Amino acid sequence: MRADGTLRVVLAEDGVLLRDGLVALLTRFGHEVAAAVGDAEALLAAVAEHEPDIVVTDVRMPPGFQDEGLHAAIRLRATRPALPVLVLSQYVQRTYAADLLDSGDGTGVGYLLKDRVGQVEEFVAALAEVASGGTVVDPEVVRQLLRRRRDPLSSLSPREREVLALIAEGRSNAAVARALVVSEAAVGKHIGSILTKLDLPPATETHRRVLAVLAYLRG
């Protein structure tokens, strides 16, 4: 990331319209799109050539339209553990999110549904969060994880569940406080209670808290 917060991006998306739209959006916010490619092999080559600050990639890409983009991202993070990667998916796939979160050194990862791109400010904020080493998971993925693991969460109060969902989306304490219209001190107390009830170690960095919570929910 440059001093002014702009990024050098390698983009992989096989849909021409969405790819061009993402290039225009990123450029509008001052980011440099070093390469915009349409398949996984081209993604690997572009990263080797341009050494970007962040990779933004689709999950399903040619030739098989299965999970080539995701596997390319995981391969990249195997050799570049700190390379930030933001993956875009058409549908909620819990295993895709889990595989991505487990890749590299565990920092600088994001998993968003493509619909989120239309919410421009949220998408750009997610890009910056991932580029700075944070973790962002689409709210719909979080909701599905929460529904899937009801029993371990049964000890949480309704408010604590709301806080858990928001921090799992990558929000800071201040952002959680604004969303719930409470003080940051109250949010801090809720988070401490959540970590205690779920038997998770305290963490000071937001992305590590997110990884710990999601790792528990995946278990």
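Here the structure is a predicted model, which means the values were calculated and not measured.
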- Query: Any donor and acceptor pair, going by atom type alone, linking the side chain of R8 with main-chain N or O of A34 inside 3.5 Å?
  - Reply: no
Could you list the donor-acceptor pairs under 3.5 angstrom formed by side chains in residues 10-23, with sequence neighbours left out?
residue: E13; atom: OE1; partner: K114; partner atom: NZ; Å: 3.1
residue: E13; atom: OE2; partner: G15; partner atom: N; Å: 2.8
residue: R19; atom: NH1; partner: E13; partner atom: O; Å: 2.6

- Query: Cluster question for you: counting only ILVMFWY and a side-chain heavy-atom cut-off of under 4.5 Å, with indirect links fine, are L7 and L88 together?
  - Reply: yes
- Are L83 and L44 linked, directly or through other ILVMFWY residues, by side chains that come within less than 4.5 angstrom of each other? yes
- Compare every heavy atom of A46 with every heavy atom of V37, then report the nearest pair and how far apart it is. CG1-CB, 4.3 Å
- Query: E49: what forms a side chain to side chain contact (heavy atoms under 4.5 Å, CB included) with it, not counting sequence neighbours?
  - Reply: none
- Does E41 have any side chain to side chain donor-acceptor pair (under 3.5 Å) partners at least two apart in sequence or in another chain, and if so, which? none
- Task: Answer yes or no: is there a side-chain heavy-atom contact under 4.5 Å between R80 and V47?
- Result: yes
- Task: Can you measure from CZ (R116) to OH (Y111) and round to the nearest 0.5 angstrom?
- Result: 12.0 Å
- In chain order, what residues pass the side chain to side chain donor-acceptor pair (under 3.5 Å) check against R178, with sequence neighbours excluded? none
- Message: Using 0.5 Å steps for rounding, measure from the CG atom of L127 to the NE2 atom of H31.
- Response: 5.0 Å
- Item | Residues forming a salt bridge (Lys or Arg N to Asp or Glu O under 4.0 Å) with E184, sequence neighbours excluded | none
- Message: With heavy-atom distances below 4.5 Å as the criterion, would you say the side chains of V109 and R77 are in contact?
- Response: yes
- Message: Checking E68 now: which residues fulfil salt bridge (Lys or Arg N to Asp or Glu O under 4.0 Å) with it, not counting sequence neighbours?
- Response: none
- Message: If I compare all heavy atoms of N173 with all of G188, which pair ends up nearest, and what's the gap?
- Response: ND2-CA, 4.5 Å
- Message: When you compare the side chain of T57 with that of L76, does any pair of heavy atoms fall below 4.5 Å?
- Response: no
- Message: Do F65 and L43 sit in one hydrophobic cluster, given that two such residues count as connected whenever their side-chain heavy atoms are within less than 4.5 Å of each other, even indirectly?
- Response: no
- Task: Report the distance from atom CD of E129 to atom CG of L86, rounding to the nearest 0.5 Å.
- Result: 11.0 Å
